[in-house]
Number of protein chains: 2
Amino acid sequence: MRQSREEKAKTHERIVRVASQRIREQGLDQPAVAEIMRAAGLTHGGFYKHFGSRDDLIAEATESALAASDRHVHELTDDAADPLAAFVDWYLSAQHRDEPAAGCAVAALGDDVRRGDERLRSAYRRQVERYLENVERFLGGGEDARQCAILALSALVGAVVLARAVDDEALADEISHAVGEGIGELR
Amino acid sequence: MRQSREEKAKTHERIVRVASQRIREQGLDQPAVAEIMRAAGLTHGGFYKHFGSRDDLIAEATESALAASDRHVHELTDDAADPLAAFVDWYLSAQHRDEPAAGCAVAALGDDVRRGDERLRSAYRRQVERYLENVERFLGGGEDARQCAILALSALVGAVVLARAVDDEALADEISHAVGEGIGELR
DNA sequence: ATTATCTATAGATCTATAGATAATGC
DNA sequence: ATTATCTATAGATCTATAGATAATGC
């Protein structure tokens, strides 16, 4: 059953990708090693030839999930006529709200990262800073652009956290809509 | 070692109070029954005379934590000259940021409640609605007061989630300050 | 007699490791 | 010969239960 080194590297990446989705959906503590390996098409025994510990995988998967957010922002906005609108519309969309596994790790993992170690919190901060740089640029870089960017990002993250947690889709829609309107009026 | 019924009711409340602090600090999954009981000054064996299951305690503790937020808002604002400022200043304070165990459960448990059952998500929604009613009232109840209240609450929750998760106190302070300024300009 | 709490433990689950298997690459 | 993955399991931890203990309240 042994595979080549190239195959092993692909396997490693597949485990990380599966884990980065699972942690956004279930949190950092919930997905078991065996479950992640099964989802990656493997048994749990080989896990420790890829990672020193479960914590190592979780850290790598968290970093991967956060980096994916940054790539996604650039894909959405690099060629957009209105990059701020493109970013905000995605962030507040029902699809993003309903698919945390494929969405922003800053919104999906905030509470978990707070309780995590330095590596997790540092990666989280770096993605927050990248978001702020992007939103500041979208806003045109005026005098209070950074303050506006912080307000906008906080409102976006809060809106997604609230919209996902409440058990009322009409309220979730109302929150997303109101925050979208509010951010539109910031510039 | 047996105690009276009145004592038992007090014990029950003490377990719930301890649990409501632990879950805000550590999340819904982390604190073990034995750990909560130890923190309440008991052994784990008696737990199931108080609660049908661990999930029952977590649900009761979540409801208790959310209700505590509502009481706290009223204590802060009922006699305040500027209720909105009193609420926002508390919410964005370094003390609130640094003591999640005693703070707002909407910010501390958003990601966890999303993954939780109907009872948790319903209690969460009710507290979100109570927050919105209060903030709407603080804003004077104008035409777009509800939309402003949603924007303000989202920004507050997002700011606390971000400020707690990043590993840079200067950035955390900057986030809190910027969101406070931004909300001040809403009215 | 009842019952609130305690000690002890069964059963389940999870991380991590040991040793076997089989394909790679010298 | 090396090593990527597999099967099997040790050791730790957690929920939930069983039975013992001792204070309450009829």
Side-chain angles (χ1 to χ4, degrees), chain A residues 1-63 109 112 115-117 119-120, chain B residues 1-63 109 112 115-117 119-120:
Chain A
M1 306 263 183
R2 187 193 166 201
Q3 314 219 352
S4 72
R5 286 180 186 176
E6 195 179 357
E7 287 296 321
K8 189 193 179 186
K10 283 187 186 173
T11 298
H12 186 100
E13 279 179 42
R14 196 168 69 247
I15 298 169
V16 171
R17 191 174 61 248
V18 166
S20 88
Q21 295 167 350
R22 295 282 164 136
I23 59 175
R24 277 177 278 181
E25 192 166 331
Q26 304 178 27
L28 298 182
D29 294 334
Q30 202 63 7
V33 167
E35 180 192 330
I36 292 166
M37 292 295 274
R38 199 180 316 120
L42 299 162
T43 59
H44 64 282
F47 178 80
Y48 293 88
K49 294 290 163 87
H50 285 283
F51 303 93
S53 68
R54 183 182 183 281
D55 281 350
D56 279 358
L57 167 64
I58 297 302
E60 202 171 318
T62 301
E63 288 166 350
L109 295 174
D112 276 348
R115 304 169 207 131
D117 63 18
R119 183 173 171 190
L120 296 178
Chain B
M1 303 257 183
R2 187 191 166 204
Q3 313 218 353
S4 73
R5 287 178 186 176
E6 195 178 0
E7 288 295 321
K8 189 195 179 187
K10 283 186 185 173
T11 299
H12 186 100
E13 280 179 40
R14 196 167 70 247
I15 298 169
V16 172
R17 191 173 61 248
V18 166
S20 88
Q21 295 167 349
R22 294 282 162 135
I23 58 175
R24 277 177 279 181
E25 191 165 332
Q26 304 178 27
L28 298 182
D29 295 334
Q30 201 64 6
V33 167
E35 180 192 330
I36 292 166
M37 292 295 274
R38 201 180 314 119
L42 299 162
T43 59
H44 65 282
F47 178 79
Y48 293 88
K49 294 289 164 88
H50 285 285
F51 303 94
S53 67
R54 182 181 183 282
D55 281 351
D56 279 359
L57 167 63
I58 297 302
E60 202 170 319
T62 302
E63 288 167 350
L109 296 174
D112 277 346
R115 303 170 207 128
D117 63 17
R119 183 173 172 190
L120 296 178

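In what follows, every chain begins at residue 1, and chains take the letters A, B, ... in the order their sequences are listed.
- Here Y48(B) does not reach the OP1 or OP2 of dT17(D): none of its side-chain N or O atoms lies under 4.0 Å away.
- The pair R115(B)-D112(A) meets the salt-bridge criterion, with a side-chain N (NZ, NE, NH1 or NH2) lying under 4.0 Å from an Asp/Glu carboxylate O.
- Atom NZ in K49(A) sits about 14 Å away from atom C1' in dA22(C), given to the nearest Å.
- In this structure, I36(B) CD1 and Q21(B) CD are separated by 11.0 Å, a value rounded to the nearest 0.5 Å.
- A sub-4.0 Å separation between OP1 or OP2 of dT5(D) and a side-chain N or O of H50(A) is present.
- Computed from coordinates, the I36(A) CD1 to dT13(C) P distance equals 17 Å when rounded to whole Å.
- H12(B) and E60(B) share a side-chain donor-acceptor pair at under 3.5 Å.
- A sub-4.0 Å separation between OP1 or OP2 of dT5(D) and a side-chain N or O of T11(A) is present.
- Within the 4.0 Å cut-off from OP1 or OP2 of dA23(C), not a single side-chain nitrogen or oxygen of S4(A) is found.
- Atom pair Q26(A):CD and dC14(C):P shows a separation of 11 Å (rounding to whole Å applied).
- Residue order along DNA chain D, read from the 5' end via each residue's closest nucleotide, puts D55(B) first among D55(B) and E6(B).
- Rounded to whole Å, the distance from NZ on K10(B) to P on dT5(C) is 13 Å.
- Taking a pair to require two hydrogen-bonding distances under 3.5 Å in either a Watson-Crick or a G-U wobble arrangement, dA1(C) pairs with dT24(D).
- Relative to the side chain of L42(B), the nucleotides dC14(D), dT7(C), dT5(C) differ in distance, and dT5(C) lies closest.
- In this structure, the CZ atom of R38(A) is 12 Å from the C1' atom of dC14(C), given to the nearest Å.
- Within the shown strands, dG19(C) is the pairing partner of dC6(D) under the Watson-Crick or G-U definition, both distances less than 3.5 Å.
- Considering only side-chain N and O atoms, H44(A) lies nowhere under 4.0 angstrom from the phosphate OP1 or OP2 of dT7(D).
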